[in-house]
2 protein chains.
Amino acid sequence: MSTARGARARARIEVTAAIKEEARRQLAAEGAAKLSLRAVARELGMVSSALYRYFPSRDDLLTALIIDAYDSLGESAEAAHAQVAGAGPRERWIAVCVAARRWALAQPHEYALIYGSPVPGYTAPDTTIPAASRVGLLLVGIVRDAYRGKGVARTPLSPELKAEAQRMAADLAPDLPPEAVAALVAAWAQLFGLIGFELFGQFNRLVEDREPFFRHAVDQLAHGVGLVYPEPTGTPAKGNGTGGP
Amino acid sequence: MSTARGARARARIEVTAAIKEEARRQLAAEGAAKLSLRAVARELGMVSSALYRYFPSRDDLLTALIIDAYDSLGESAEAAHAQVAGAGPRERWIAVCVAARRWALAQPHEYALIYGSPVPGYTAPDTTIPAASRVGLLLVGIVRDAYRGKGVARTPLSPELKAEAQRMAADLAPDLPPEAVAALVAAWAQLFGLIGFELFGQFNRLVEDREPFFRHAVDQLAHGVGLVYPEPTGTPAKGNGTGGP
DNA sequence: TCCAAATCAAGAGCAGTGCTCTCGTTCTTG
DNA sequence: CAAGAACGAGAGCACTGCTCTTGATTTGGA
C-alpha cells in the first residue's frame, strides 16, 4: 500500500507465517507423515501450486518447522534455566531436563520431528545446527559453572577415547577436562533417550508414574557428569536423596 | 500339488514371506515412509489389490516388519550375550549394548522403524510386546545374576518413586530391589538414546570416533546400575579403566 | 463324486498426494 | 512508463492406499 518496497515483501512474510502456522497445526494434529501441502493450501484458501512460491518443496517446509521446533524447545529450556539461575548446578541441570521433557510431552509431534527418525531420505541441512544446539549448550554452561566451582566427572578414559574427547572439548568447551565433556555428551544423548522412550510408548505397561522416575533418572545423570548439590553437610540432601555412592 | 490341504496353505505362506522379504528390501533401501504396497506388488509381479489378501493394510505389513525387526535385534543381542556367558556382569552388559548398536548401524531403517518416531497415527499392537522385550529382558537377567553374586545399585529413591519402582519390580524382576529396577529401566532407555543420537545424526559434527565413546558410555551405564568388574583386586581392570569412583 | 463355498488374481476406479508447467494478472523497479 | 519479476490459478502427470467387482481355481462337505 504505502511503502513502495513493502507491500509485496510484507505480504510474503505474512503468507509465509500463515503457511507455517497452519502446517504446525496439522503437524500437531496428525503428525509429520500426514502433513500435506495441498491440505495446508486448501485451509488457507489458496491453490497448492501457489504454495510452492513460498516453500520450494515439502521438505523445505518441514525444515522450517524443524528449526522452529528446536528454537521453541531451546526457548523453553532457557526460560526454565533462567528461573533457577541462582541455584546449584544440580538443580539447574534438573530444571533444564524437566523443561525439555515438559516441552516434549506438550508437543509430541514436534518432538518426533526433531528427535525421532528423520523423514524419508531427509538429511537435516546445516541451517538447523545452531537451533539444535541450544539445549546442549545450556547443559555445557551448567557443567562449566560447576567446574569453576567445585568439580566435574573425572572418570578416566581409554587412550583412544581421550584423544576423541579432547577433540570434542576443543569444539565445545575448551576449559573443561575431556573426561567431563565425554560424560556430558553421553548424558545429553541419554536425556533424550529417556524422553523418547516415554513419548514413543516404550514405557507403556512398565512405568506408570513417570515424572518422579524421570527426575530421579536425570538426577543420576547429573551425578554421572559430576554435578553435586550445593551443601555437602553430612547426610545427603532431602527431597531427592542421591548424595553419593 | 499332492497334499490336499497343503497346496493353498503352503502357497499362502510362501507368498506372505515373499511380500515381507521384498518389503524389507524396500524398507532398507528407502525407509519406512517410502515403503509402497504397490511397488512391492509390482516387484513381485502381482497386482496391488492381490496383496491385500495377505496384509489387510499397509500398517499391518509394517507391524509384521516391526515384529521381525524386534526379533532380529533380540536375536543379535542374545547371540552376543551367549558368546560371553562366562564373563562378569559388566562384560556381558557391554556385549549386549555393543551388539544392539551394531545391529542398529547395520539396519538403520529397521531401527528407526522400532525405536524412532511411530509412523502416522500408528500405535503398536500388543502383538509386538514380547518381541520388543527381548533386549530388555536380557539386561534384566544380567542384573539379576549380578545381584545374586555381589550387589546392584542401591541409590535411595524418593517415597513416591519407591512405590512406583516396587510396582515395576513386581512385573519385571520381583527378586531385585526397587532401586536397582529403577536404575535398570533408566539405563535401558538411555542406551537407546545413545544409539539413536548416533544413528539420527545428532553426533554428526561432534563425535567422530563413536565406537570407543559408546563403549565408555555404556560402561558407565553399567556402573550406574551397580554392575562391577569380576576382579576387585586393587587397581581397576585395564582396557576400559572404570573401576569405581 | 459332485457341487456349493471359500479363496484367489486381476482390473477398474476413487480420492488423495507432491510437483511441474503454463497462462494471465499484479506489483516493483530502472 | 515500460520491462521484468513475482504471484495466483488451473490443468496435468505420476504416484499412493484402498475398495469393489468379475471370473477362475481350490477346498471341503453331502
Side-chain angles (χ1 to χ4, degrees), chain A residues 1-20 22-23 25-27 29-66 113 118-123, chain B residues 1-20 22-23 25-27 29-66 113 118-123:
Chain A
M1 298 244 183
S2 50
T3 47
R5 187 194 195 93
R8 224 163 202 167
R10 191 167 49 241
R12 184 172 184 86
I13 296 178
E14 281 175 14
V15 174
T16 305
I19 292 173
K20 285 208 289 185
E22 176 59 31
R25 189 194 337 277
Q26 292 193 16
L27 175 66
E30 299 269 25
K34 290 200 174 176
L35 172 65
S36 152
L37 279 184
R38 293 181 106 111
V40 170
R42 201 180 308 133
E43 210 68 24
L44 259 53
M46 56 170 105
V47 83
S48 72
S49 60
L51 209 148
Y52 283 81
R53 304 256 176 215
Y54 300 88
F55 295 93
S57 86
R58 185 180 178 276
D59 277 2
D60 289 271
L61 215 193
L62 275 181
T63 301
L65 293 183
I66 285 175
L113 191 62
V119 277
Y122 180 80
T123 54
Chain B
M1 297 246 183
S2 49
T3 47
R5 189 195 193 92
R8 242 185 184 146
R10 192 167 49 241
R12 183 170 184 87
I13 295 178
E14 281 176 13
V15 174
T16 304
I19 292 173
K20 285 208 290 184
E22 175 59 31
R25 191 198 332 280
Q26 291 193 17
L27 175 66
E30 298 269 26
K34 290 200 174 175
L35 171 65
S36 153
L37 279 185
R38 294 181 105 111
V40 170
R42 201 180 307 133
E43 210 69 23
L44 260 52
M46 57 169 105
V47 83
S48 71
S49 59
L51 209 146
Y52 283 82
R53 302 246 173 222
Y54 300 88
F55 294 94
S57 85
R58 186 179 177 275
D59 278 1
D60 290 271
L61 214 194
L62 275 181
T63 300
L65 294 183
I66 285 176
L113 191 62
V119 277
Y122 180 80
T123 55

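Throughout, protein chains are lettered first and strands after them, A, B, ... in sequence-line order, and every chain is numbered starting at 1.
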Asks: Please state how far atom CD in A:Glu30 lies from atom P in C:dT17, giving the value in whole angstrom units.
Replies: 11 Å
Asks: Between atom CD in A:Glu43 and atom P in C:dT17, what is the gap in whole Å?
Replies: 11 Å
Asks: Kindly write out the residues that satisfy salt bridge (Lys or Arg N to Asp or Glu O under 4.0 Å) with B:Arg53, not counting sequence neighbours, or none if the list is empty.
Replies: none
Asks: When the axes are fitted on five pairs at both termini, how much does the helix from C:dT1-D:dA30 to C:dG30-D:dC1 curve, in 10° steps?
Replies: 10°
Asks: What is the separation between atom CD1 on B:Ile13 and atom P on C:dC8, rounded to the nearest whole Å?
Replies: 12 Å
Asks: Between C1' on D:dC15 and CZ on A:Arg58, what's the gap in Å once rounded to a whole number?
Replies: 14 Å
Asks: The criterion is side chain to side chain contact (heavy atoms under 4.5 Å, CB included); which residues satisfy it with A:Ala11, sequence neighbours excluded?
Replies: none
Asks: Going by the rule side chain to side chain contact (heavy atoms under 4.5 Å, CB included), which residues pair with B:Ala50 if we only count those two or more places apart in sequence or in a different chain?
Replies: B:Met46, B:Val47
Asks: Nearest 0.5 Å, what's the CD1-CG distance between B:Ile66 and B:Leu113?
Replies: 4.5 Å
Asks: So, does B:Ser36 get its side chain near the phosphate of D:dG17, meaning an N or O under 4.0 Å from OP1 or OP2?
Replies: yes
Asks: A:Gln26: what forms a side-chain hydrogen bond (donor to acceptor under 3.5 Å, both in side chains) with it, not counting sequence neighbours?
Replies: A:Glu22
Asks: CG of A:Asp60 versus C1' of C:dC19: gap in Å, rounded?
Replies: 13 Å
Asks: State the CG-OH distance between B:Leu37 and B:Tyr54, to the nearest 0.5 angstrom.
Replies: 14.0 Å
Asks: Report, as a single string ordered 5' to 3', how protein heavy atoms within less than 4.0 Å touch nucleotides 1-13 of chain D: B base, S sugar-phosphate only, - not at all.
Replies: -----BBBBB-B-
Asks: To the nearest Å, give me how far apart CD1 (B:Ile19) and P (C:dC8) are.
Replies: 11 Å
Asks: Can you tell me how far P of C:dG18 sits from CG of A:Asp59, to the nearest Å?
Replies: 11 Å
Asks: Would you give the length of the straight line joining atom CG of B:Leu27 to atom CG of B:Leu61, rounded to the nearest 0.5 angstrom?
Replies: 10.0 Å
Asks: Listed by chain and number, what are the side chain to side chain contact (heavy atoms under 4.5 Å, CB included) partners of A:Ser36, not counting sequence neighbours?
Replies: A:Arg38, A:Ala39
Asks: How is B:Leu61 classified with respect to the nucleic acid when contacts are heavy atoms under 4.0 Å: base, sugar-phosphate, or nothing?
Replies: nothing
Asks: What residues form a side-chain hydrogen bond (donor to acceptor under 3.5 Å, both in side chains) with A:Ser57, not counting sequence neighbours?
Replies: A:Asp60
Asks: Using atom OH of B:Tyr52 as one end and atom C1' of C:dT7 as the other, report the distance to the nearest whole Å.
Replies: 19 Å
Asks: Base, sugar-phosphate or nothing for A:Leu44? Non-hydrogen atoms, less than 4.0 Å.
Replies: nothing
Asks: Is A:Arg42 close enough to C:dA15 that one of its side-chain N or O atoms is under 4.0 Å from OP1 or OP2 there?
Replies: no
